[in-house]
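In what follows, a structure is listed as structure tokens, so that the remarks can point back to it.
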Amino acid sequence: MGGSAPRRDAHLPVETTSFVDRRAELAEARELLARARLVTLTGPGGVGKTRLAGRIAARVARAFPDGVRFVHLSGLHDPALVPLAAADALGLHDRSERPALDALVDRVRDRRLLLVVDNCEHLPAACADLAGALLRGTTGVRVLATSRHRLGLTEEHLMDVRPLAVPDPDGDLADAAGHPALALFADRAAAVVPGFRLTPANRASVARLCRRLDGLPLAIELAAVRLRVLGVDQLLDRLDDRYRLLSAGSPAVPPRHRTLRAAVDWSHDLCTAQEQTVWARLSVLAGSFDLETAEAVGGDGERLPPADVLEAVAGLVDKSVLCRESGPDGVRYRLLDTLRDYGLERLRARPGEERAARDRQRDWMQRRADACERAWFGPGQSAVAARLRADRDNLRAALDHSLTTPGEERAALRLAGTLWFHWHACGAPREGRYWLDRALDAAPGPTPERARALWAAGLLAGCPEDVTRGRRRAEEARDLARALGDEAEAAHAEYVVGVTRLFAGDVRGALDHFRTGVARGRVPGQHPSMAGLDRVELACAHAFLGEADQAIAVCEETRRTCAAHGEQWVLSYVERMLALAHTVREDWARAERHGREALRLKHAVHDVVGIGLTLDLLARVAAGRAEPERAAVLLGVADRVWADVDPDRWGSADLTGPRRDSERYAAAALGRAAYRRAYARGAALPLADAVEQALRDAGPAVADPPGRPPAALAGAPVPVRAVPAHPAPAPRPSGARPSGGRPAARPAEGVRLTRREAQVAELVAQGLANQQIADRLVIARRTAEGHVERILGKLGFSNRSQIAAWVAGRR
């Protein structure tokens, strides 16, 4: 039966009830995974595939240095979301414009991990594409899938998950506890009838009951709940009646399906009318949900008020229809897939009920999104981020419902736009772009919702190729908002226009843009976060131009505003800008202090891009403080983070120069072998451990460092290149396993060119100038210049002719 659970990966589902032993299946699955890269657990609904997959994954976790991740698909209906859900489970935050599946494969190409893809049967083609791409594009990724049907790939190894073995009721039952089916029944029965156990008097009846239920775990669990009001023999008699009734139906229905149907039907009949109604209505919810959501979707005002829904939820938990689990905001609930399907069937039998329930769900998710947006500039940001992450399946369901229901497209536009801060700040830019793009295409009318969605989509521009389109969208949003008389949305759009200018390297133009915005002040209705970010970007532009005092003055004022409201996200940017400004002044102690505080705040709200930027800045500070080993470790940590965002290090030349300076200093001070070891130590750390170490290992203030940094890090005030906002990748040590991304070339001594850098090198070899390279690749000129400079630095060259000769030699 249960026993001690194996080491549990934090990303695996939490087991809320004991696990009845399946030693043979566990052993078979481990053996299959040892020799096959795709194993699919197949079997009927209710047989326990998901629980078994979770236990298998926990048992083999030690064999996968890069971890085990669980992808829940039961709440998804759109095949396009499958690679996004997988990337989300893997902790990847891709911002590129490449196809989602291609980007996912690139990020995990060099990793050794196990991906568990659960409930593939309703999205078989998309799941087969995901598994096939991972098998073809990687060598260390293995896939464990659960499905009622095979995926159909030639590489697939099937493992049939059978019902639990049931002993002969008339045979020797002395060791009844050693039979999994009987043990499961006894375990669940003891939960509802304290003190229940298998005895010589009841063993045969329990065995007959489990046999009648075909050993299906879900059917056994549902039946055991009835021991509150019936004895085992009474339970068996009544189940026999129910089974005979169902067996009179279609002979084409397999016996096990009839058995499960009988058990679920019986559980439904034993529910009160209110419980039956709430069960049906809650079946539109995807994934887990909290009580407030249950009350909003399961109730309908006066006829079924929240108090009655609460009572029904308690009854459904009591009858094992709803699973109770812990969530970031307290208790949450979940319907097993089989019971959700049953509830939907019942709901659809009531005309108009499904549409009404889905409308209530969509409206509730909009109210929740509105509340979270209002709370975003305040002390509860971490809780807001965690709640929306827990609700992501239901947000997806609400968006999909509006986009697939004629006349509801504008509702999708509103919800997707309201969630701008979630997509941008909490590591979901690609999914945000997906929903915003769909909604913008579906609702082209000139509305305030469209203005909001346009600038939100522009804000999520995450790569050089997307910046131009992002700026166009922001400008369109500004013009539309002004035409509609909505100055708040116009101000939001103006912020995004300025960000795209800064991103493209137009620092002086961005400075003037944000100076105008700050002088205008916050307009009525403008989100306070956006007003604060205007000041952050103004400070950033000052720092880029070496104007440290002006940057500090702007930051200190914004810092006081954030502190007065208990705000963390904007404050994290303010702290990082202060660290940057003090870096420009070479005040390393203050830069360190502000950088560490920025890192702590960004980790609290899961701002992954911000974490990467701050780690790069802290590496720059460590180099300035003559701490080469710490700089090397931080560079390795930063690369691990950036591999989950964009290995090509998006950004202009003005934003990428200092990374190379930090690398050169650390490598020169330590020696290449020691640098590799320190870098690899950082690259091997999980994100949480890496952040903890970065916060813990800050060195003491250094007034006059014993080993003076090289000229690149000393002397005159640091110009634009001292800003590691979007840094270039470090030379990856040859002895360290890469943490993500596919290198396009391997020059020497572990140094790698990214795919984009390899493209630029080829164009340099063809004799193209920087502007011609920019035109060919549809990027900004300054971005092309940055790529060329990084290539020169990585290869140790001083001119373009050497790059051309190197490319020719590689050919």
Side-chain angles (χ1 to χ4, degrees), residues 11-12 28-43 49-50 52-54 56-57 60 63-94 96-161 337 396 430-431 434 643-644 647 738-744 755:
H11 296 274
L12 293 176
E28 181 183 355
R30 293 181 70 172
E31 191 274 331
L32 277 175
L33 279 172
R35 57 186 174 86
R37 294 185 57 212
L38 171 60
V39 176
T40 302
L41 307 182
T42 60
K49 298 184 293 295
T50 299
L52 180 59
I56 292 167
V60 303
F64 296 94
D66 289 310
V68 176
R69 300 294 185 271
F70 214 94
V71 187
H72 296 279
L73 298 181
S74 59
L76 298 187
H77 300 285
D78 184 349
L81 289 175
V82 169
L84 298 183
D88 187 41
L90 289 163
L92 307 179
H93 308 278
D94 178 63
S96 73
E97 281 287 281
R98 302 178 59 212
L101 191 53
D102 292 350
L104 169 64
V105 172
D106 260 4
R107 296 297 186 272
V108 299
R109 191 176 300 279
D110 299 306
R111 301 190 188 185
R112 290 175 56 197
L113 59 88
L114 175 66
L115 190 67
V116 183
V117 188
D118 189 37
N119 295 115
C120 298
E121 58 271 354
H122 65 298
L123 295 165
C127 292
D129 289 344
L130 171 66
L134 288 171
L135 294 180
R136 292 188 301 271
T138 72
T139 57
V141 177
R142 297 186 180 233
V143 179
L144 176 62
T146 74
S147 177
R148 297 180 190 178
H149 317 288
R150 63 174 299 161
L151 299 182
L153 298 175
T154 56
E155 304 93 336
E156 184 177 24
H157 285 62
L158 300 179
M159 177 177 157
D160 184 25
V161 181
D337 296 328
R396 290 165 174 160
R430 181 183 279 275
E431 182 164 349
Y434 172 78
D644 289 342
S739 59
R742 179 173 187 166
R755 171 174 293 162

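Only a predicted model underlies this, so the values are computations on that prediction, with no experimental measurement involved.
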May I ask you to decide if N119's main-chain N or O and T146's side chain share a donor-acceptor pair within less than 3.5 Å?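 Yes: the side chain of T146 pairs with the backbone of N119.
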Which heavy atom of [X] sits nearest a heavy atom of [Y], and at what distance?
X    : Y    : value
L153 : R150 : O-NH2, 3.5 Å
C127 : V117 : SG-CG1, 4.3 Å
G140 : R37  : N-NH2, 4.4 Å
L151 : A131 : CD1-CB, 4.5 Å
L104 : A86  : CD2-CB, 4.0 Å
A89  : R69  : O-CD, 3.1 Å

Supply the atom-to-atom distance [X] [atom1] to [Y] [atom2], rounded to the nearest 0.5 angstrom.
X    : Y   : atom1 : atom2 : answer
D88  : H72 : CG    : NE2   : 11.0 Å
E121 : L73 : CD    : CG    : 9.0 Å
L158 : L38 : CG    : CG    : 8.5 Å
R430 : H93 : CZ    : NE2   : 13.0 Å

V39 and I56: CA distance, side-chain angles, deciding distance, side-chain contact (heavy atoms from CB on, under 4.5 Å) verdict: CA-CA 11 Å; V39 176; I56 292 167; over 6 Å; no
In residues 77-85, what donor-acceptor pairs under 3.5 Å come from side-chain atoms, sequence neighbours left out?
residue: D78; atom: OD1; partner: A80; partner atom: N; Å: 3.0
residue: D78; atom: OD2; partner: Y434; partner atom: OH; Å: 2.1
residue: D78; atom: OD2; partner: R438; partner atom: NH1; Å: 2.9

Set of residues satisfying side chain to side chain donor-acceptor pair (under 3.5 Å) with respect to E155, sequence neighbours excluded: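 E155 satisfies side chain to side chain donor-acceptor pair (under 3.5 Å) with no other residue.
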